[in-house]
Structures are given as structure tokens and as C-alpha cells.
Amino acid sequence: MKVASSGICVSGCTASVAIKLTPLADESLAILVTALAVRLNRGASEFYQRHFDIGMAEFRLMLALYGHRDLNVGEIAVTADVEKAAASRCLRMLAGRGLVDVEQTQSRGRAAIVNLTATGRTLAVDLRKSASRRERRLATALLPGELEATQQALRKLVGHVPLMNKDE
């Protein structure tokens, strides 16, 4: 396997694609992870917009709603890792498209309870299938056993972000 100075596999990988990263990515784990996140987000955003006419926040909300029922906006926002204000805007758009039902309730305070409609559930299934295919393609860059190790390492890093962001 041939590896570029940026640490990106350029041959011996399934896709054999060279990606040029800034020299800073060699020097900083945070910049390297950010470079990966930006590229994943950009590609996914373009894909889901083109194929499903939704953005990434809507995508994440749809997946969160697929796995849960009767959540209020705040709960959905936390589950999808989307800011509450952005979740509210996106849910209004999804409701306008007939993908979610938003019901005002008195039993849970003034919370708006959100669920997928039948059309929304069908779209969420399609989104999950598409996301799974895209993730399998991404994972082909890893050797057997590396996927689980990479996921564990990334979870550790996410857990340590508050420590990194702590004032010294």
C-alpha cells in the first residue's frame, strides 16, 4: 500500500484515490478529523439534496424519528444532534412536505410531539438504505478489524472534546 505524506491511502485501497490534504492535517489530529468530517458532510449533503431533496439536518431528523415515536422537538434535536432552533425550522419544512405530523399537546406541557407520516416512514427507510450503502463504500478503505477500532477511537475522541475545549 502506498501512502501520501498526508497519510491518505493512494494505492492498494479499493478506490485507489489520492486526496490532497493541507500539511496542517499531518500536524494536527483535530484538523485531520475536521477535514474528514467536512468532506463526509459535503458529499452527503450534495447526495441527499440531489436524490431526496433534503439537507443534512432534515436527513438526521428523519433518521432520529424513524427510530423513535412521540418525541418533542427538544428530544428529537438531541437525538439527531441538531440545534433545537434548526430542528424546529426543519420540522416545519418536513411537515409542509407531508413527511411528519406535528401535534401540539397539553399533556406534556406546551410541547409539540412529532412523528413520521406513512410517506415520511417510507422516505426514512430509503434514507437508511442509502446511508448504509454509502457507509459500506467508505468502510472499504479499512482493513478487516479496522472499522470497529476506528469507531472506538472516534467515540473516545468525541468524549474528550470537552477536555480539549477546556480553558487552560
Value rounded to 0.5 Å, distance of [atom1] in [X] from [atom2] in [Y]:
{"X": "Glu58", "Y": "Met62", "atom1": "CD", "atom2": "CE", "answer": "10.0 Å"}
{"X": "Met93", "Y": "Leu61", "atom1": "CE", "atom2": "CG", "answer": "9.0 Å"}
{"X": "Thr34", "Y": "Arg39", "atom1": "OG1", "atom2": "CZ", "answer": "10.5 Å"}
{"X": "Lys84", "Y": "Arg89", "atom1": "NZ", "atom2": "CZ", "answer": "13.0 Å"}
{"X": "Leu91", "Y": "Ile76", "atom1": "CG", "atom2": "CD1", "answer": "5.0 Å"}
{"X": "Leu138", "Y": "Leu40", "atom1": "CG", "atom2": "CG", "answer": "5.5 Å"}

Contacts of Ala139 that satisfy side-chain contact (heavy atoms from CB on, under 4.5 Å) - sequence neighbours left out: Leu147
All side chain to side chain donor-acceptor pair (under 3.5 Å) counterparts of Arg136, not counting sequence neighbours: Ser132
Linked hydrophobic residues, Leu154 as query - side chain contacts closer than 4.5 Å: Leu29, Val33, Leu157
Residues clustering with Leu24 (ILVMFWY side chains joined when closer than 4.5 Å, directly or via others): Ile31
Whether Ser28 side chain and Ala25 backbone form a donor-acceptor pair below 3.5 Å: no
Polar side-chain atom of Arg60 near backbone of Met56 as donor-acceptor pair, under 3.5 Å: no
Anything under 3.5 Å between a donor and an acceptor, one on a side chain of residues 113-130, the other on a protein residue two or more places apart or in another chain? List them.
{"unit_1": "Asn115", "atom_1": "OD1", "unit_2": "Asp70", "atom_2": "N", "d": "2.7"}
{"unit_1": "Asn115", "atom_1": "ND2", "unit_2": "Asp70", "atom_2": "OD1", "d": "2.7"}
{"unit_1": "Thr117", "atom_1": "OG1", "unit_2": "Gly98", "atom_2": "O", "d": "2.6"}
{"unit_1": "Thr117", "atom_1": "OG1", "unit_2": "Leu99", "atom_2": "O", "d": "3.2"}
{"unit_1": "Thr117", "atom_1": "OG1", "unit_2": "Thr119", "atom_2": "N", "d": "3.4"}
{"unit_1": "Thr117", "atom_1": "OG1", "unit_2": "Gly120", "atom_2": "N", "d": "3.0"}
{"unit_1": "Thr122", "atom_1": "OG1", "unit_2": "Ala118", "atom_2": "O", "d": "3.1"}

Specify the closest pair of heavy atoms between [X] and [Y], including all atoms of both residues, with the distance to one decimal.
{"X": "Val73", "Y": "Ala87", "answer": "CG1-CB, 4.3 Å"}
{"X": "Ala141", "Y": "Glu146", "answer": "O-OE1, 4.5 Å"}
{"X": "Leu71", "Y": "His68", "answer": "CD1-CB, 3.3 Å"}

Residues, nucleotides or ligands: over 12 heavy atoms within 6.0 Å of Glu148 CD: no
Joint cluster assignment, Leu63 & Val82, ILVMFWY side-chain distance < 4.5 Å: no
With a 3.5 Å cut-off and sequence neighbours excluded, list the donor-acceptor pairs that the side chains of residues 43-53 form with protein atoms.
{"unit_1": "Tyr48", "atom_1": "OH", "unit_2": "Ala131", "atom_2": "N", "d": "3.4"}
{"unit_1": "Gln49", "atom_1": "NE2", "unit_2": "Asp53", "atom_2": "OD1", "d": "3.0"}

